[in-house]
Amino acid sequence: MPEMNHSKKLARWSLTDASAVGHILVVRCGLCNTTRRFLPDDILKLRKDTTINRLKFICLKCNKRDYMDVTVYVPSRSEIGKLPVRRLAGIKEVRMPVWRDETL
C-alpha cells in the first residue's frame, strides 16, 4: 500500500478534527532544530478553526518563520504522562497608545 502524502492530509485536517481524535500538533524549526508540541484546543483559543497546513508559527529561539514545519502526532499509551507539551497559561492584552497630529 502506498504511503499517504501528509501535506494532502493536513490540507483537509482541521484543528477541531485533530482535537476530537486526540492528536498533538508538533511544530519543528528546521533551522535551529527546536521541537514544540501543542494541544489543538489551546491553539483554538488563540485562532479560529482552520486547517493544519495553514497554521503559521514563529520560532521563539531563532525568530524565523520560513523554516517551521507543522505535523500531527498520535501519542501512544506509554507516552501519556511523559510527553512534554506546551500549554496555554493565559493571554496578555497589551495596551498601546494611539496618537494623532493636530494643530492648535
Side-chain angles (χ1 to χ4, degrees):
M1 180 179 244
E3 291 279 328
M4 181 173 207
N5 189 348
H6 286 289
S7 63
K8 288 184 181 179
K9 180 181 178 182
L10 295 180
R12 297 185 311 263
W13 202 246
S14 69
L15 285 171
T16 55
D17 295 336
S19 175
V21 177
H23 286 174
I24 292 176
L25 299 177
V26 178
V27 180
R28 182 181 170 275
C29 178
L31 186 64
C32 65
N33 200 20
T34 303
T35 302
R36 308 263 191 230
R37 294 169 189 88
F38 298 94
L39 293 178
D41 291 332
D42 291 341
I43 304 298
L44 279 170
K45 292 176 186 175
L46 299 173
R47 301 177 181 178
K48 63 180 182 177
D49 189 23
T50 184
T51 58
I52 294 176
N53 67 339
R54 290 188 173 199
L55 290 175
K56 303 293 182 199
F57 288 92
I58 297 174
C59 181
L60 296 175
K61 193 172 182 182
C62 64
N63 205 18
K64 301 281 186 190
R65 176 184 292 206
D66 302 330
Y67 305 99
M68 299 301 287
D69 181 40
V70 180
T71 58
V72 292
Y73 177 72
V74 182
S76 64
R77 289 184 184 214
S78 63
E79 291 177 330
I80 295 176
K82 300 174 186 173
L83 192 65
V85 177
R86 284 202 131 180
R87 297 298 311 263
L88 183 65
I91 300 172
K92 284 186 183 178
E93 292 187 29
V94 179
R95 291 179 45 153
M96 297 283 296
V98 178
W99 300 96
R100 69 170 186 244
D101 293 330
E102 59 183 45
T103 58
L104 292 177

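Note: hydrogens, waters and symmetry copies are ignored here, and every other heavy atom, side chains too, is used.
- For Arg87, the side chain to side chain donor-acceptor pair (under 3.5 Å) partners are Asp42, not counting sequence neighbours.
- Here the closest non-hydrogen pair linking Lys45 and Ile91 is O-CD1, 4.5 Å.
- Using a 4.5 Å cut-off on side-chain heavy atoms (C-beta onward), Leu25 and Leu55 make contact.
- For the side-chain contact (heavy atoms from CB on, under 4.5 Å) criterion with Ile24, the lone passing option out of Pro40, Pro75, Ser19 is Pro75.
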Subject >> Glu93 vs Arg95, salt bridge (Lys or Arg N to Asp or Glu O under 4.0 Å): CA-CA, chis, key distance, verdict >> reply: CA-CA 7 Å; Glu93 292 187 29; Arg95 291 179 45 153; over 6 Å; no
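- Residues Met68 and Lys64 share a closest heavy-atom pair of CG-O, 3.9 Å.
- By the 4.5 Å heavy-atom criterion applied to side chains, Phe38 and Val85 are not counted as neighbours.
- Side chains of Val26 and Thr35 form a contact here, defined as non-hydrogen atoms less than 4.5 Å apart.
- Thr16 contributes atom OG1, which lies 4.0 Å from atom CG of Asp49 (distance to the nearest 0.5 angstrom).
- If you check the side chains of Arg28 and Asn33, you find a donor sitting under 3.5 Å from an acceptor.
- In this structure, Tyr73 places its OH atom where more than 12 heavy-atom neighbours from other residues, nucleotides or ligands lie under 6.0 Å away.
- The CG atom of Asn53 lies 11.0 Å from the OG atom of Ser14; values are rounded to the nearest 0.5 Å.
- Within the model, atoms CG of Asp41 and CG of Leu15 stand 9.0 Å from one another, a figure rounded to the nearest 0.5 Å.
- Atom SG of residue Cys29 and atom CG of residue Asp69 lie 10.0 Å apart, to the nearest 0.5 angstrom.
- Judged by the 6.0 Å and 45° rule, Arg47 forms a cation-pi pair with Phe57.
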